[in-house]
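Counting starts at 1 for both ligands and their atoms, following the listed order.
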Amino acid sequence: MTTALVLGIESSCDETAVALVRGDRTILAQRIASQNEAHERFGGVVPELAARAHADRLAPMVETVLAEAGMTLADVDAIAGTAGPGLIGGVMVGLVTAKALAMAANKPLIAVNHLEGHALSPRLADANLQFPYLLLLVSGGHCQLLGVEGVGRYRRLATTIDDAVGEAFDKSAKVLGLGFPGGPALERAARTGNPRFTLPRPLVGSDEPHFSFAGLKSAVLRARAAIPEPTEQDIADLAASFSQAACDCLTDRTARAIAAFPQATALVVAGGVAANQAIRGALGDLAASHDLPFVAPPMWLCTDNGAMIAWAGLERLAAGDIDDLHAPARPRWPLDPGAETVRGAGVKA
Ligand code: KG4
Ligand code: ZN
């Protein structure tokens with residue numbers, strides 16, 4: 001494992017990313033190109049534009065990463081590509097690229113679940129993190145608590161019954177005129193705000209394990225609409241109120257999962273929303289109050305990147321779990337296929 005070398009390709013949303021990672025956790029080279037300019041004027045990711053941008057960028061990016069590391073495909077032990085879940089056009093571009101490289105170089109293909117990439121990324125950052133751990137996976141499309149028992153062994157303890165928390169950040173930022181991408185913009189605005197607005201905290205204190213963010217998002221919309229000409233301070237105050245409510249929802253549900261998964265050796269957060277400092281701080285405090293170590297990967301590793309896909313590939317390679325060239329692109333691909341579907345609109349696996 002320590003000398004194995006895997007090329008990772010990520011293209012499931014609006015980041016085109018490639019990385020070359022060694023089993024000893026060395027990132028030999030990587031590139032991440034975001035497409036913010038392409039989607040900004042639409043206020044959200046346009047799938048067709050995203051797929052085209054991935055198609056334009058991926059091949060030269062693979063060349064650059066290999067050249068920077070002074071390697072060729074012959075030096076690589078496997079090619080790992082995101083095979084889902086995500087925007088299907090982008091997933092197909094990345095997976096077909098990974099298949100073509102694997103075929104041309106006669107190397108094994110590893111079709112990686114993007115969520116597994118996020119779920120295992122904390123082990124790339126922290127060599128001491130052992131299974132089982134409790135993972136809060138928070139991104140633009142997902143909000144889940146998972147018991148991570150091993151590579152390929154995930155127990156879903158909770159999911160959202162409506163929106164993902166990242167989606168709530170993005171939509172609230174849009175309503176507040178904070179621009180795209182919304183999560184980081186809302187976090188910046190919240191820093192100078194006073195959380196003076198009373199906003200709901202859906203499902204907090206509930207006996208059921210799941211998350212809900214739709215009511216919080218709508219409350220931001222109503223509160224904004226009630227101020228005809230908001231000042232910059234009003235917007236910052238609304239952002240701070242949203243941020244605090246979102247934090248409260250995440251920590252309350254996570255506290256419940258800590259009780260439901262007592263075998264956890266650590267509390268771990270991953271996914272794009274894990275880049276949020278207020279959320280990291282609140283989860284760190286929660287872990288400390290339960291005497292659990294808290295692990296949060298560096299911020300660049302929280303948002304989409306190729307290194308987490310390469311790392312998931314390395315973990316799968318070490319477990320002898322590789323794919324053949326028929327591996328399908330999967331727009332939906334739950335980490336725990338046994339988990340029941342939850343009620344609510346826009347059910348997220
Ligand atoms: O994991 P990711 O890069 O892509 C998905 O797999 O969805 O997550 C993107 C999400 C977006 O909703 C983005 O607004 C959110 O992560 N995000 C943040 C922050 N940085 C990214 N949310 C809150 N605070 C941040 N600093
Ligand atoms: Zn992601």
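Salt bridge Arg155/Asp336: absent, no basic N to carboxylate O contact under 4.0 Å. Contact check on Arg31 versus Glu68 returns a salt bridge, with a Lys/Arg side-chain nitrogen under 4.0 Å from an Asp/Glu carboxylate oxygen. Classification of Asp234 and Arg224 as a salt-bridged pair fails, no side-chain N sitting under 4.0 Å from a carboxylate O. Under 4.0 Å is where a charged nitrogen must lie from a carboxylate oxygen, and between Asp163 and Lys217 at least one such pair does.
Checking Thr265 against Gln130 by side-chain atom types alone, no donor-acceptor pair falls below 3.5 Å. With hydrogens and angles left out, the side-chain atoms of Thr16 and His54 include a donor and acceptor closer than 3.5 Å.
Closest approach of Asn194 and Ser241 over heavy atoms only: O-OG, 4.1 Å. Heavy atoms only, all atoms of each residue included: Ala164 and Phe213 are closest at C-CD1, 4.3 Å. Considering all non-hydrogen atoms of both residues, Ser212 and Leu203 come closest at CB-CD1, 3.8 Å.
Ligand 1 has no atom lying under 4.0 Å from any heavy atom of Cys13. Ligand 1 is approached by His114 to a heavy-atom distance shorter than 4.0 Å. Ligand 1 lies out of reach of Pro181, whose nearest heavy atom is not under 4.0 Å from it. By the 4.0 Å heavy-atom criterion, Met299 is excluded from the residues contacting ligand 1.
Residue Asp170 places at least one N or O, backbone or side chain, under 3.5 Å from an N or O of ligand 1. Between Gly166 and ligand 1, an N or O atom pair is found at a separation short of 3.5 Å. At a 3.5 angstrom cut-off on N or O pairs, Glu167 does not count as close to ligand 1. Any N or O atom pair closer than 3.5 Å counts here, and Gly272 shares at least one such pair with ligand 1. Among the atoms of Gly183, some N or O lies under 3.5 angstrom from an N or O of ligand 1.
Counting protein heavy atoms only, atom 24 (N) of ligand 1 is closest to Asn276 ND2, 3.0 Å. For atom 26 (N) of ligand 1, the closest heavy atom belonging to the protein is Glu187 OE1, 2.7 Å. Regarding atom 15 (C) of ligand 1, its nearest protein heavy-atom neighbour is Val273 CG2, 3.9 Å. The protein atom (non-hydrogen) at minimum distance from atom 9 (C) of ligand 1 is Gly140 N, 3.8 Å. Counting only heavy atoms of the protein, atom 3 (O) of ligand 1 lies nearest to Asp304 N, 3.1 Å.
Close approach of ligand 1 to Pro184 is summarised as follows: ligand atoms under 4.0 Å from at least one heavy atom of the residue are 19 (C), 20 (N), 21 (C), 25 (C), 26 (N). Applying the 4.0 Å criterion to heavy atoms of Gly141 picks out, from ligand 1, the atoms 7 (O).
Taking a 6.0 Å sphere around CG of Asp324, one finds it holds more than 12 heavy atoms contributed by other residues, nucleotides or ligands. At most 12 non-hydrogen atoms from other residues, nucleotides or ligands lie less than 6.0 angstrom from CZ of Arg52. With a 6.0 Å radius and a threshold of 12 heavy atoms from other residues, nucleotides or ligands, Gln263 has its CD atom above the threshold.
Contacts of His118 with ligand 1, taken as heavy-atom pairs under 4.0 Å, involve the side chain alone.
In this structure, Arg123 is positioned above the aromatic face of Phe131, its NZ or CZ under 6.0 Å from the six-membered ring centre and within 45° of the axis.
Partner Val138 forms a side chain to side chain contact (heavy atoms under 4.5 Å, CB included) with one of Ile279, Asn276, Val273, Leu145 and no other, that one being Val273.
Excluding waters, the protein N/O/S atoms found under 2.8 Å from the Zn ion (ligand 2) are His114 NE2, His118 NE2, Asp304 OD1.
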